[in-house]
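See below for the structure under consideration.
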Amino acid sequence: MTTQLINNEGEATLTLCGRLDTAVSSQVSSDIQQLLDTAGNIQHLTVDAGQLSYISSSGLRILLMLAKRFKPFRIIGVNPEVYDVLNMTGFTKMMTVERALRQLSVEGCEVIGVGGVGTVFRLNDDTIIKVFREGTTMDEVLKEITMSKEAFVMGMPTAISFDVVKVGEQYGLVYELLQAQTLSACLKQAPERVDELARKYADLFRQLHAIQVPADSSVPDALEHERNQVMHIRRYFPQEKIDILLQILDTVPASNRLLHLDLQAKNAMIQNDELMLIDMGEVGYGHPILDLAHSYSAMVTLVGDYDKIIGIPRELGTELWNRAIDYYFEGLPADEVALRKEQIKALSCVRSFSWLALSDSFPEAVVNECRTLFDERVTRHSDYLLDICQTLKDWE
């Protein structure tokens with residue numbers, strides 16, 4: 001049994017290699033103590049258990065001692081056998097324990113979609129994988145899989161997510177999908193089906209917005225998240241422009257409806273003639289207009305390479321949206337539908353720029369384009385946008 005400690009300015013990693021059984025636990029405990037005593041100031045401790053093949057009860061005591069001494073504390077790279085021991089003894093509830101992840105390759109795999117946080121590939125006939133962009137943390141990946149599972153339990157028609165993996169040095173999330181294709185791909189192959197698919201698209205929104213998120217759910221507040229994203233883009237816009245976006249958000253009524261918040265045509269998959277959702281990283285609860293405004297900003301006013309991001313020509317995507325929103329509001333008086341569309345368009349101005357919070361390394365050309373568009377879409381029409389959004393209080 002060997003141990004090694006590396007301390008990087010207070011962020012220390014303790015590597016355990018071999019069998020941590022009763023026969024060696026006393027010596028290992030002494031070795032670890034000596035390493036800690038000579039390592040200098042340690043603020044956070046991570047135990048790398050990637051090469052730990054066995055652990056006994058006395059070994060568990062060592063981990064417990066470390067967890068009490070260092071906050072935060074976590075164990076990473078745990079193999080299935082050791083993880084089962086930690087799980088059965090309750091250690092996974094007392095401290096952060098991360099299992100060793102399978103390594104997968106996406107070489108030669110079909111690219112299904114590209115988004116701000118990653119790329120989706122088809123692995124085989126049964127599964128797809130979302131590979132997160134470099135720099136994504138394990139916590140961010142775990143948040144998405146947690147939201148995916150919770151939304152699925154609440155009734156969101158979503159693909160089943162069942163495994164976190166590594167693709168090279170990046171994290172991936174595997175979803176099960178059987179012979180499915182994106183709404184974009186289906187529409188591109190058969191544009192004559194636009195009306196049929198628009199109704200399915202609208203029904204998906206309505207099904208989603210009928211779900212009420214319980215108060216004890218871990219699904220986050222979508223409006224609060226949107227405010228945080230707006231605050232994050234202050235690096236690109238002066239405070240007076242940020243204030244306009246915040247004033248618009250202040251008009252959105254409170255609600256507890258389940259929202260996807262990135263329901264564009266590449267994030268809906270058709271399987272057995274039914275639509276289901278993928279890319280669950282932004283799921284939240286709130287007023288349905290937040291979901292509709294996000295989708296409008298993607299399907300109609302997207303900034304960037306529309307064909308690449310959405311997967312179809314902008315004209316076809318806009319037609320899909322226009323038909324779908326009519327079906328979504330089907331049965332309402334024409335004047336009310338017209339007002340709802342204006343409200344969605346006005347609120348979409350927030351998402352048109354808050355998406356810049358997804359990364360801190362966008363090309364300067366993209367940022368400059370957004371600055372120009374902000375003046376065209378928001379600054380020149382701010383009074384009208386705020387007046388329209390003030391009417392949201394009447395949207396039940």
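Here the closest non-hydrogen pair linking Arg314 and Gly304 is NH2-O, 4.1 Å. Taking every heavy atom of both residues into account, His294 and Leu261 meet most closely at ND1-O, 2.9 Å.
Considering only residues two or more places apart in sequence or on other chains, Phe121 meets the ring-ring contact (aromatic ring centres under 6.0 Å, His included) condition with none of them. In terms of the side chain to side chain contact (heavy atoms under 4.5 Å, CB included) criterion, residue partners of Glu342 (sequence neighbours excluded) are, by chain and number, Lys345, Tyr384, Ile388.
Residue Glu274 places its CD atom among 12 or fewer non-hydrogen atoms of other residues, nucleotides or ligands, all under 6.0 Å distant. The environment of NZ in Lys68 is sparse: at most 12 heavy-atom neighbours from other residues, nucleotides or ligands sit within 6.0 Å. The environment of Arg99 atom CZ is sparse: at most 12 non-hydrogen atoms of other residues, nucleotides or ligands sit within 6.0 angstrom. Other residues, nucleotides and ligands contribute only 12 or fewer heavy atoms inside 6.0 Å of the CD atom of Glu134. When the shell of 6.0 Å around CD of Gln239 is examined, it contains more than 12 heavy atoms from other residues, nucleotides or ligands. Around the NZ atom of Lys393, the shell of radius 6.0 Å holds more than 12 heavy atoms that belong to other residues, nucleotides or ligands. Heavy-atom contacts from other residues, nucleotides or ligands closer than 6.0 Å to CD of Glu11 number more than 12. The number of heavy-atom neighbours closer than 6.0 Å to CZ of Phe152, taken from other residues, nucleotides and ligands shown, is 12 or below.
When each of Ser348, Cys349, Ser352 is paired with Tyr296, the side-chain contact (heavy atoms from CB on, under 4.5 Å) condition holds for Ser348 and for no other. Checking each of Leu204, Ile312, Ile310, Leu320 against Leu183 for a side-chain contact (heavy atoms from CB on, under 4.5 Å) leaves exactly one that passes, namely Leu320. Among the candidates Val213, Ile145, Val219, the single residue satisfying the side-chain contact (heavy atoms from CB on, under 4.5 Å) test with Glu150 is Val219.
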- [ ] Take Phe73 and His44, measure what ring pair (Phe, Tyr, Trp, His ring centres under 6.0 Å) needs, and give me the verdict at the end.
- [x] CA-CA 6 Å; Phe73 172 81; His44 304 149; over 10 Å; no
TODO: Verify side chain to side chain donor-acceptor pair (under 3.5 Å) between Thr13 and Asp48, making sure each step is shown before the conclusion.
DONE: CA-CA 7 Å; Thr13 300; Asp48 184 345; over 6 Å; no
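Under a 4.0 Å N-O distance rule, the pair Arg380/Glu376 does not qualify as a salt bridge. A salt bridge links Glu364 with Arg371: the closest approach of a Lys/Arg side-chain nitrogen to an acidic carboxylate oxygen falls below 4.0 angstrom. Here Asp291 does not pair with Arg257 in a salt bridge; the nearest charged N to carboxylate O distance is not below 4.0 Å. Salt-bridge annotation for Arg351 and Glu282: present, with a side-chain N of the basic residue lying under 4.0 Å from a carboxylate O of the acidic one. Look at Lys130 and Glu144 and you find a salt bridge, because one of the NZ, NE, NH1 or NH2 atoms lies within 4.0 Å of a carboxylate O, short of that distance. In summary, Arg227 and Asp250 engage in a salt bridge, as defined by a charged side-chain N under 4.0 Å from a carboxylate O. Salt bridge status for Glu330 with Arg199: present, with a side-chain N to carboxylate O gap under 4.0 Å.
A side-chain donor-acceptor contact under 3.5 Å links Glu140 to the backbone of Thr137. Here the side chain of Asn256 pairs no donor or acceptor atom with the backbone of Pro214 at under 3.5 angstrom.
Ring-plane geometry between Phe353 and Phe237 is classed as perpendicular, the angle between the planes exceeding 60 degrees on a 0 to 90 degree scale with a lower cut at 30.
Contact check for Gln207 versus Leu275: no side-chain heavy atoms found under the 4.5 Å cut-off. A heavy-atom distance below 4.5 Å is found between the side chains of Leu263 and Tyr201.
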